[in-house]
S.K.: 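Below is one structure. I have some questions about it.
Only a predicted model underlies this, so the values are computations on that prediction, with no experimental measurement involved.
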Amino acid sequence: MAKKVKVIIENEDETKDNVTYKKHVVMSIVSLATQEINGIASISRKSVSMIRSALSKNINRGIIVDFNNNNAKIDVFVNVKFGFSVKDVAFRVQENIKASVESMTEYKVESVNVHVVGVNFSEVESDFVS
């Protein structure tokens with residue numbers, strides 16, 4: 001069952017409104033923000049499966065999101081396309097995830113850890129086969 005996170009927003013009238021996010025909403029935002037970056041081949045699911053028993057956190061589709069009050073710590077496991085700078089791609093993923101989550105939700109992103117678990121050579125190999 002998805003965990004619901006409650007956010008309380010105070011208006012100028014001092015009335016409180018409640019906004020509730022399910023974790024899958026934040027995970028979807030992270031997934032889309034990661035896939036928008038040029039150089040990302042895929043989000044890795046295999047690496048997360050190996051870590052699942054060790055961490056036993058909220059793992060879904062290569063993404064781990066941990067909430068503390070209105071703060072979020074995010075880990076994403078990715079494969080990078082061959083020919084792209086891993087450092088640059090990882091940095092752009094961090095920036096895009098942070099901006100996307102903070103603009104679409106009330107969360108402050110504490111950290112975004114990008115774990116590059118592989119390099120995808122498939123496009124390059126097809127060029128050399130012909």
Side-chain angles (χ1 to χ4, degrees):
M1 182 183 213
K3 181 178 177 184
K4 292 183 180 180
V5 181
K6 191 179 213 180
V7 178
I8 298 174
I9 302 171
E10 293 185 24
N11 297 329
E12 294 174 7
D13 302 335
E14 295 185 19
T15 60
K16 294 183 180 181
D17 297 328
N18 294 329
V19 178
T20 303
Y21 300 101
K22 288 190 176 185
K23 282 198 173 193
H24 291 281
V25 172
V26 177
M27 289 180 163
S28 295
I29 293 169
V30 171
S31 177
L32 290 172
T34 301
Q35 293 172 10
E36 287 176 350
I37 301 301
N38 194 20
I40 292 294
S42 63
I43 296 176
S44 178
R45 297 175 188 205
K46 293 180 183 177
S47 299
V48 175
S49 299
M50 293 186 291
I51 308 173
R52 180 173 290 178
S53 59
L55 295 178
S56 68
K57 287 187 180 179
N58 304 306
I59 299 173
N60 186 21
R61 297 176 289 172
I63 300 166
I64 302 171
V65 179
D66 186 27
F67 296 106
N68 293 327
N69 299 328
N70 279 351
N71 296 325
K73 292 182 182 179
I74 301 167
D75 287 276
V76 62
F77 297 81
V78 297
N79 293 311
V80 176
K81 292 180 183 175
F82 180 77
F84 287 86
S85 169
V86 173
K87 176 182 164 187
D88 292 340
V89 170
F91 180 72
R92 287 183 291 155
V93 168
Q94 286 177 320
E95 286 184 323
N96 201 30
I97 289 173
K98 184 177 182 351
S100 296
V101 171
E102 288 182 350
S103 68
M104 293 183 199
T105 67
E106 297 296 322
Y107 292 111
K108 172 83 173 124
V109 177
E110 280 184 26
S111 64
V112 177
N113 299 311
V114 178
H115 304 272
V116 178
V117 296
V119 177
N120 189 344
F121 295 98
S122 63
E123 292 178 16
V124 175
E125 289 173 359
S126 64
D127 292 341
F128 292 114
V129 171
S130 60

S.K.: If you measure from CG on N68 to NZ on K73, what distance do you get to the nearest 0.5 Å?
M.R.: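 N68 atom CG to K73 atom NZ measures 5.5 Å (nearest 0.5 Å).
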S.K.: Can you check side-chain contact (heavy atoms from CB on, under 4.5 Å) on V109 and I97, steps first, answer last?
M.R.: CA-CA 9 Å; V109 177; I97 289 173; 5.6 Å; no
S.K.: If you look at every heavy atom in T34 and I40, which pair is closest and at what distance?
M.R.: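 Closest pair (atom of T34, atom of I40, distance): O-CG1, 3.6 Å.
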S.K.: Output all residues satisfying side-chain contact (heavy atoms from CB on, under 4.5 Å) with S85, sequence neighbours left out; order by chain, then residue number.
M.R.: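 Testing S85 for side-chain contact (heavy atoms from CB on, under 4.5 Å), a comparison that skips the adjacent residues, returns K87, D88.
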S.K.: Mind checking the CZ-CD1 spacing from F84 to I37? Nearest 0.5 Å is all I need.
M.R.: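 Answer rounded to 0.5 Å: 11.0 Å.
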S.K.: Test of understanding: with salt bridge (charged side-chain N to carboxylate O under 4.0 Å, His left out), list the residues that count as partners of E102, not counting sequence neighbours.
M.R.: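 Applying salt bridge (charged side-chain N to carboxylate O under 4.0 Å, His left out) to E102 gives K98, K108.
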S.K.: Which distance, rounded to the nearest 0.5 Å, do you find between the NZ of K23 and the CG of D66?
M.R.: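 Output value for this atom pair is 6.0 Å.
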S.K.: Tell me every residue that passes side-chain hydrogen bond (donor to acceptor under 3.5 Å, both in side chains) with E36, counting only those two or more places apart in sequence or in another chain.
M.R.: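 side-chain hydrogen bond (donor to acceptor under 3.5 Å, both in side chains) check on E36 returns N96.
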S.K.: Of the non-hydrogen atoms in Q94 and V114, which two are nearest, and what is the gap between them?
M.R.: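 Closest heavy-atom pair between Q94 and V114: CG-CG2, 3.6 Å.
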S.K.: F77 versus I64: any side-chain heavy-atom pair under 4.5 Å?
M.R.: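 With C-beta onward as the side chain, the pair touches.
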S.K.: Check side-chain hydrogen bond (donor to acceptor under 3.5 Å, both in side chains) between S100 and all other residues, then give those that pass, not counting sequence neighbours.
M.R.: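 By the side-chain hydrogen bond (donor to acceptor under 3.5 Å, both in side chains) rule, S100 matches no residue at all.
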S.K.: For A41, enumerate each residue passing the side-chain contact (heavy atoms from CB on, under 4.5 Å) test, keeping only those at least two apart in sequence or located in another chain.
M.R.: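 side-chain contact (heavy atoms from CB on, under 4.5 Å) check on A41 returns N79, K81, N120.
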S.K.: Any link between V112 and V86 through a network of hydrophobic side chains (Ile, Leu, Val, Met, Phe, Trp, Tyr) touching at under 4.5 Å?
M.R.: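 Yes, it is one cluster - the side chains of V112 and V86 are joined through contacts under 4.5 Å.
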